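Naming: A, B, ... by sequence-line order, numbering from 1 per chain. This is a predicted model, so every value here is computed, not measured.
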Amino acid sequence: MDVRSQISMVFHLDKCLGCHTCSIACKNLWTDRKGTEYMWWNNVETKPGTGYPTCWEDQQKYQGGWEKNGKLKLRSTGKAKIVANIFHNPHMPSMDDYYEPWTYDYQNLFNAPEGPDQPIARPVSKVTGEYIEIESGPNWDDDLGGSPLYARNDPNLEGLSEAERQQLFAIERLVFFYFPRICNHCLNPACVAACPSGALYKRGEDGIVLVDQKRCRAWRACVAACPYKKVFYNWFTGKSEKCILCFPRVETGQAPACFHSCVGRIRYLGVLLYDAERIEEAANAAGNELIDAQRSLILDPFDPEVIRAAERKGLPESTIEAAQKSPVYQFVKVWKIALPPHLEFRTLPMLFYVPPMSPVLANRQNDVLDHASTDLFHDIEEARVPMKFLGNLLGVGNETKLRYALRKQKAVRWYRRAITVGDVDLQTAQKMLREADCTAEEAEGIFRMTALCPAEERFVIPPSHREQAAEMFGDVMDRKQGTGFGFLSAPRRGL
Amino acid sequence: MTTILQYLDPLLFAVLPYVALFTFFLMTIQRYRAATFTYSSLSSQFLENRRHFWGMVPFHYGILLVLTGHVLGLLIPDRILAWNSHPLRLYTLEITGLALGLLALVGLVSLLLRRIGTSNVRVVTSPADWILHALLLLQVGSGVYLAVFHPWGSSWYAAAAAPYLWSIVKLQPQLGFISAAPLAVKLHVTGAFLLVALFPFTRLVHILVVPNPYLWRKPQVVRWYR
Ligand code: HEM
Ligand code: HEM
Ligand code: SF4
């Protein structure tokens, strides 16, 4: 057993209101520089929808992630393919797949000569400074749940029956939900494995995946390899950049900016202990066993044997303690209601999603809207978002795990309804809990973490022990009265 | 006038090589140490992805193989001459060389047109890029000219140019061959030294950081601070 610790995440989709506050927090903090204008390390997509970059989930188009024929192989450029393809990466997305960033010519509002029309602020490209016609943006299909151009091109619709599609797109039943995304800080990251320079790496202590800006040489293999398209190419500095999980904040005990600012409080951060020895085995599991295989990597932080192994490996006590209090551990391993996105890409993402309960199904009779089901919170099988769709997104194409997660969430709602409002029968609620494989204690836990979710329980951040990192630099006194650690020169573009 | 020309040859072929080599070593090391961040191929594929293929791929395949040929001629001139003693083999080598040179030329010209013609790419083109592209055009152009109009290049390169280059390495420059050489040869050789001299001030430094260890490292990279 090779115990390692990973800072992992849960996003509770049922609570996401699609306000994009997270994206803005991130943009203001990290990607407001030249060359990064188009980057959204955190973005919020409408599902069904095509997302950002357009149709990123379609690996026929982007060739991201791993492919399993016997051994795992990168779909884009692994060792064999990079030699011939380093000059031109055949799977590199270009700006057209994202969008051309722009601002507006606001000066024209003030300076325009007097004329018969109101002056307007024309859009100006942030790359060339020329006037452009805006054709798409990072969030172009926001809220366009039923649109033929966007929603209907969602790769997750694959395998849905005509009836299920109708159900998704029928005007009065039209449904969508939000899907916020950041880098998943995977256990088997495709970006790291693809980087010829070894510039991308996973931090041993907390599993954050980073790009070493001084080692990156713009071979851009990472951009093509990441199936989530969460490594971005800075066209100005000639370096790749990605979500850093706000490590400077995490190291000082603060939640990442997107977590901290989240209005819906949908985001949870905590430590998972995992067995690094078995990563390859898990990533290699058969498609229908992938979810269990990944879960089996996650170790029980209360198990004395795990604790001993962790101590032997030199994990600080504070990390083990944090793992025991980790909300992510509860969601993923104990309650099993949080699932990884597109695990079939086999990067073993460490960001998990609690699937959303759809709104109550309604139908219209004689111009009166009526609930289709008298069942409180309706039956999950009749949910407006077809189970198959969620299965494609979060269940490796399979619905079993989603049914389990949704049934449990529904039972918890019934149970809490019985307790707080009392208009449903407690016995029935308890029966539902049993059927959903949920104890009353568990239900209380889920309720507390979902509805109350105090900040200190949502974010359990272990001390990073950066004092040890400081020691790595040699004599700490060397740095006394210096400006800090690391390099502080401006990221000047090469000649 | 004659005095200038008199000094020009030693200047270009005995002094310039050392200035170039000195600058090359000093400045690449200095740049690597002081500004590692600037070592990058500065890819522009993200900004323009279609013409990119038609320039980047032929240019690199062409230039890399041609330069390999140049290096082989320098290292094993006798074998090249022995190979060339048979006309059929000589023609094969020359035609291959010319074809690769043309490949590089076509690639380079399309890269230049791409740079000039795409407003996105023009934004990320520095003065150093313009100079480098012009110099490379001169170099590849003059190389192809040599291959066509001064036969048989592969033979006289091995027989005469290689000894001249070695004389520079041995710090005893022998200008006999180069002084008597036609103008095109002088141009090509001067261009080569200029490229070496300007190397550290351009994106050419990406050649020095070609990531060969990738081929034998483990796929995943984990860094610990302990
Ligand atoms: C194995 C060796 C080499 C590798 C792996 C390599 C790789 C690259 C890469 C990845 C780019 C950026 C392409 C892009 O814009 O996406 C590039 C650009 C370039 N390389 Fe190389 N290169 C190599 C050797 C050379 C050599 C020997 C030369 C010239 C003597 C050269 C000259 C250039 C030039 C001029 C550009 C810029 C082209 C443009 O954008 O117009 N490279 N190279
Ligand atoms: C002092 C150094 C150099 C010498 C003496 C030299 C000499 C020659 C000769 C004799 C040829 C004719 C070969 C033939 O007939 O096939 C040639 C061709 C060529 N050279 Fe150079 N060269 C030098 C440096 C360079 C450099 C630095 C470059 C490019 C960056 C370059 C690019 C070419 C090309 C593209 C061709 C045409 C292709 C071919 O015929 O192989 N040369 N060079
Ligand atoms: S999502 Fe995974 S593959 Fe993509 S950048 Fe993050 S760690 Fe790398």
Side-chain angles (χ1 to χ4, degrees), chain A residues 4 74 78-79 82-83 86-90 92-96 100 125 127-130 188-189 192-205 210 212-220 223 233 235-239 276 279 314 466 468-469 471-472 487 489 491-495, chain B residues 31 34-50 52-61 64 107 118-124 126-129 131-132 198 200-206 208-226:
Chain A
R4 283 187 204 165
L74 286 174
K79 292 189 183 188
I82 192 71
V83 177
I86 195 164
F87 314 114
H88 170 89
N89 192 316
M92 166 91 181
S94 66
M95 192 139 82
D96 307 333
E100 182 160 354
S125 163
V127 179
T128 59
E130 293 163 7
N188 185 31
V192 174
C195 177
S197 295
L200 281 113
Y201 62 101
K202 194 168 176 67
R203 298 215 299 193
E205 288 75 17
L210 296 175
D212 183 337
Q213 290 289 303
K214 282 187 174 176
R215 285 274 288 273
C216 173
R217 310 285 181 223
W219 311 124
R220 67 224 172 276
V223 181
Y233 181 70
W235 52 266
F236 181 68
T237 58
K239 305 275 165 167
I279 292 178
R466 293 307 285 180
Q468 294 172 1
E471 281 158 14
M472 183 192 72
F487 77 107
S489 52
R492 194 168 59 88
R493 179 183 162 88
L495 293 164
Chain B
R31 177 167 167 188
T36 331
F37 185 79
T38 64
Y39 270 65
S40 163
S41 74
L42 297 176
S43 167
S44 55
Q45 189 179 355
F46 177 75
L47 296 171
E48 198 288 318
N49 205 351
R50 203 174 44 82
H52 184 271
F53 173 84
W54 298 104
M56 228 39 104
V57 174
F59 170 69
H60 276 94
Y61 278 107
L64 281 170
T118 321
S119 57
N120 274 351
V121 183
R122 231 182 302 126
V123 172
V124 290
S126 63
D129 280 329
I131 295 171
L132 173 65
L198 293 180
F201 309 102
T202 65
R203 70 196 306 145
L204 283 187
V205 291
H206 73 277
L208 298 178
V209 286
V210 168
N212 36 328
Y214 180 58
L215 299 178
W216 45 86
R217 80 151 209 247
K218 281 198 290 182
Q220 295 300 358
V221 182
V222 178
R223 285 197 201 170
W224 299 86
Y225 57 66
R226 267 176 263 129

K.L.:
Atom NZ in A:Lys239, atom CG in B:Leu42: separation rounded to 0.5 Å?
P.N.:
8.0 Å
K.L.:
Examine whether an atom of A:Ile86 lies under 4.5 Å from a heavy atom of chain B, and if so say whether it belongs to the side chain, the backbone or both; otherwise answer neither.
P.N.:
side chain
K.L.:
With a 3.5 Å distance limit and no angle check, can you tell me whether B:Tyr39 reaches the backbone of A:Arg215 through a side-chain donor-acceptor pair?
P.N.:
no
K.L.:
Please classify the contact of A:Ile82 with chain B as side chain, backbone, both or neither, using a heavy-atom distance under 4.5 Å.
P.N.:
side chain
K.L.:
Within the distance-only criterion (no hydrogens, no angle test), does the side chain of B:Gln45 pair as donor or acceptor with the backbone N or O of B:Leu47 below 3.5 angstrom?
P.N.:
no
K.L.:
Taking side chain as everything from C-beta outward and backbone as N, CA, C, O, which of these in A:Asp96 sits under 4.5 Å from a heavy atom of chain B? Side chain, backbone, both or neither.
P.N.:
neither
K.L.:
Please identify, among A:Ser197, A:Cys216, A:Ala276, the residue contributing the most non-hydrogen atom pairs under 4.5 Å to chain B.
P.N.:
A:Ser197
K.L.:
Is a side-chain donor or acceptor of A:Arg4 paired with a backbone partner of A:Gly204 at a separation under 3.5 angstrom?
P.N.:
no
K.L.:
Any idea which of A:Pro93, A:Ser94, A:Gly78, A:Gly238 has the most non-hydrogen atom pairs under 4.5 angstrom with chain B?
P.N.:
A:Ser94
K.L.:
Sort out for me which of A:Glu100, A:His88, A:Arg203 touches chain B most, counting heavy-atom pairs under 4.5 Å.
P.N.:
A:His88
K.L.:
In terms of heavy-atom proximity below 4.5 Å to chain B, should A:Ser125 be classed as side chain, backbone, both, or neither?
P.N.:
neither
K.L.:
Backbone N or O of B:Met56 within a donor-acceptor pair of the B:His60 side chain at under 3.5 Å?
P.N.:
yes
K.L.:
Determine whether a donor-acceptor pair (N or O, by modelled atom type, separation under 3.5 Å) exists between the side chain of A:Arg217 and the backbone of B:Ser41.
P.N.:
no
K.L.:
Kindly compute the distance separating CG (A:Leu200) from CZ (B:Arg223), expressed to the nearest 0.5 Å.
P.N.:
9.5 Å
K.L.:
Count the heavy-atom pairs under 4.5 Å between each of B:Leu204, B:Val123, B:Val205, B:Asn49 and chain A, then report the option with the highest count.
P.N.:
B:Asn49
K.L.:
Go through the atoms of B:Leu64 and report whether side chain, backbone, both or neither lie under 4.5 Å from a heavy atom of chain A.
P.N.:
side chain
K.L.:
Which atoms of B:Arg50 come close to chain A, meaning under 4.5 Å heavy atom to heavy atom: side chain ones, backbone ones, both, or neither?
P.N.:
neither
K.L.:
Relative to chain A, which segment of B:Thr202 carries a heavy atom at a distance below 4.5 Å: side chain, backbone, both, or neither?
P.N.:
backbone
K.L.:
So which of A:Gly198, A:Cys195, A:Pro196 has the largest heavy-atom pair count under 4.5 angstrom toward chain B?
P.N.:
A:Pro196
K.L.:
Using distance alone, with no hydrogens and no angle criterion, decide if B:Ser43 and A:Arg220 have a side-chain donor and acceptor under 3.5 Å apart.
P.N.:
yes
